[in-house]
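Just so you know, ligand 1 is whichever comes first in the structure, and atom 1 is the first atom listed for that ligand. Excluded from the calculations below are hydrogen atoms, water molecules and symmetry mates; all remaining heavy atoms, backbone and side chain alike, are included. Position 1 is the first residue of the sequence, and the numbers go up from there.
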Amino acid sequence: MEIFIQSIGTVEKKLLKELAKPLEEIFGIKCSVSNDILEIPERAYNPSRDQYHSTEILYSMMNILKVGSNHIIGITEVDLYASRLNFVLGEAEYPGHFAIISLHRLKSPNKKLFLKRVLTEAVHELGHTFGLPHCGNHLCVMHFSNSVVETDIKGPGFCSDCLSNLFNQ
Ligand SMILES: [Zn+2]
Ligand SMILES: [Zn+2]
């Protein structure tokens, strides 16, 4: 079992590479960056919102990418929304193999902060694929983020409960 980081549309490769090592450390399994780019499916675009439907992109990942027992975190620059939500920072199968996050609302001129946000959201969505639900502890990475403010409060670490659930699945 491995984690693959998959760019959905064009994403800076350097950023994806910077994510691999901390993801590997947090989940304790090998993490690599996929070489190919998955194009964003046209049908995911909603012109009246100028946003992309995250669930459509997840379906496209499921249809196109070979996953086996691995987990794939898709990363995209475009802004995402899902049913009933104005925007989402990411979406994942719960449990399953596929997850996606958007960089759109995580941007910061502070590079370190930006990377921490991306890592936090990637860990959160991958956590769902490993069967973890949302957590009530606002410092835990599995706490639901309504905005990047909450992402900054929680950071990429699991609370002790989520950590033990992660490894007891
Ligand atoms: Zn969540
Ligand atoms: Zn937790």
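For the pair SG of C162 and SG of C159, the angle at the Zn ion (ligand 2) is about 110°; rounding is to 10 degrees. Rounding to 10 degrees gives 110° for the angle at the Zn ion (ligand 2) between SG of C135 and SG of C140.
A donor-acceptor contact closer than 3.5 angstrom links the side chains of S145 and T151. Using modelled atom types, one finds a donor on one side chain and an acceptor on the other under 3.5 Å when comparing S48 with N46. Using modelled atom types and a 3.5 Å distance limit, the side chains of H128 and H134 yield a donor-acceptor pair. Between the side chains of D79 and Q51, at least one donor N or O sits under 3.5 Å from an acceptor N or O. Inspection of the N35 and K13 side chains reveals an N or O donor paired with an N or O acceptor under 3.5 Å.
With values rounded to the nearest 0.5 angstrom, R43 atom CZ is found 13.0 Å from Y52 atom OH.
Protein N/O/S atoms closer to the Zn ion (ligand 1) than 2.8 Å number 3 in this structure.
Shown here for P156 and V123, the closest heavy-atom pair between the two residues is O-CG1, 3.7 Å.
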